[in-house]
There are 2 protein chains.
Amino acid sequence: MPTETTTPRQRFEALDEQTQARWLVPAEAEFCEHGFEKASLNRIIARAGESKGRTYHYFADKGALFCATLERRVRQCDFLDQVSEAASAPNATGYWLELGALCARLTKMLQGDDRLASLLRTLHRESAAQQSFAEPLAAIRGAIDDLLVAGQSIGAVRDDLPITLLTEVALNLIATVDRWFALNGSTLSEDAEAALSQRAFLLLMAPLLPSQFTEGISL
Amino acid sequence: MPTETTTPRQRFEALDEQTQARWLVPAEAEFCEHGFEKASLNRIIARAGESKGRTYHYFADKGALFCATLERRVRQCDFLDQVSEAASAPNATGYWLELGALCARLTKMLQGDDRLASLLRTLHRESAAQQSFAEPLAAIRGAIDDLLVAGQSIGAVRDDLPITLLTEVALNLIATVDRWFALNGSTLSEDAEAALSQRAFLLLMAPLLPSQFTEGISL
DNA sequence: ACAGAATTAGACCGGCGGTCTAATCACTGG
DNA sequence: CCAGTGATTAGACCGCCGGTCTAATTCTGT
């Protein structure tokens, strides 16, 4: 009568931080270097100096290890709280100013933390990684949903399209712009990059604005 | 003195269409069903009733087979030509009308051809697939570049951001919206989906429009 | 002290993408 | 007609992958 008392995940979280780091440090290095699919669990285990049996005792599979790695990094920045705060603006102008500031902070954070940036870009690029991180990802989507609904209530965000579509568009626009700067930023001076990055916020704003602003043309 | 006279690719293209299909038909099925990374070359070979040696004689690697599969499908529709044609509009209104029509046609095509849609979504989702398809992909990006430049010259497209960034944004917006409809379209009536799809074109248009249209708010 | 549960090491599994060898085929010049 | 030579072909083989299993060991409660 094996009643499945504890899960690998519960066992891992009961470990002290130092012991957790035995896996998480080499795992982060490997995932940053190779992404999710091409990262080798065997290499991580070898670098960690651990055995396969012990590793699978604490992690259900490779995805669980990736999830734990990314969760630790994400926990360090209070991203979700910042998103919630931005939702309290009283009018459209304030709303978009706050969102712009939030995006600027986010950009700065990613520039200052290569590891986190690398993990998040992997998350955006590889669907297997997204599946592993599904639960936290749903929370992020939920936070953006709330933010957009708040924006709608003060007329800052369009309400003629499904909110989940807007959320998807917002998330992917952020990721797309981030990736463009990650690939092309090195050809720019630091000042030029900052100015461009600020202006690129318009790319996120434009499709979310109520349609009256774009109806000047067509349709 | 092995002078590398022919490449696997050249050899494959010299084959008659029927023989090519021996690989391409089962390959397409496999890639549609499993995506790129999780597709098994061994399974494709088995389904094709071919041997490994012969297969690697005609394809450099798994990516080359994916590339050949997708290229055949893409060749069947004259996508690039359509993009070029749309660039000839004389003014902004006409430009966006043509682009809207182009997107509508593209949407219809993807709805009518599940295989092509599946392959293109795989291409968008998996970076390994993108690498295999790098050359055709560069041509597509080039065509969009040209289209946007044409739009700029008649004041239909903003010119305050790098063109490659706009191209990236446009490509990813199309893919994002397509994916949303692929996931959520089944919950909608056919009419509602068509109406929504048309309105969703605004999401693509908005960030590309000259900034004067969005400067009503902020900054 | 000792039974039973939790933990641990690492051999093992099927399958992967890709390489290699040895046999066969097709075509040439004599 | 056939010997010889390079292109073609089958499939055994390679290292590695993520994941499972077993058997030994270490803990824990009585």
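Sequence lines set the chain letters: A, B, ... in the order given, protein chains first and strands last, and positions in each chain run from 1.
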Whether over 12 other heavy atoms sit under 6.0 Å from A/Q76 CD: yes
ring-ring contact (aromatic ring centres under 6.0 Å, His included) against A/F12, all qualifying residues, sequence neighbours excluded: A/F59
N/O contacts under 3.5 Å, protein versus nucleotides 25-27 of chain D?
none

Residues which pass side chain to side chain contact (heavy atoms under 4.5 Å, CB included) with A/R125, listed by chain and number, not counting sequence neighbours: A/T122, B/S127
Relative orientation of the end axes in the helix from C/dA1-D/dT30 to C/dG30-D/dC1, expressed as an angle to the nearest 10° (five pairs per end): 10°
Summary of protein contacts for nucleotides 3-18 of chain C, nucleotide by nucleotide, where a base hit scores B, a sugar-phosphate-only hit scores S (4.0 Å, heavy atoms): ----SBBBB----SBB
Pairing of A/K38 and A/E33 as salt bridge, 4.0 angstrom limit: no
Interatomic distance, A/I44 CD1 vs D/dC16 C1' [rounded to whole Å]: 15 Å
Any donor-acceptor pair under 3.5 Å from B/K62 side chain to B/E37 backbone: yes
Check: A/D178/A/H124 side-chain N/O donor and acceptor closer than 3.5 Å: no
Distance-only side-chain donor-acceptor flag, B/N184 / B/T187, under 3.5 Å: no
Side chain to side chain donor-acceptor pair (under 3.5 Å) partner of B/E13, the single match among B/R9, B/R11, B/Q10: B/R9
Between B/D16 and B/Q20: side-chain donor-acceptor atoms closer than 3.5 Å: no
Separation of atom CZ in B/R22 from atom P in D/dT8, rounded to whole Å: 17 Å
Salt bridge (charged side-chain N to carboxylate O under 4.0 Å, His left out) partners of residues 186-204 of chain A, not counting sequence neighbours, each pair once: A/R199-B/D160
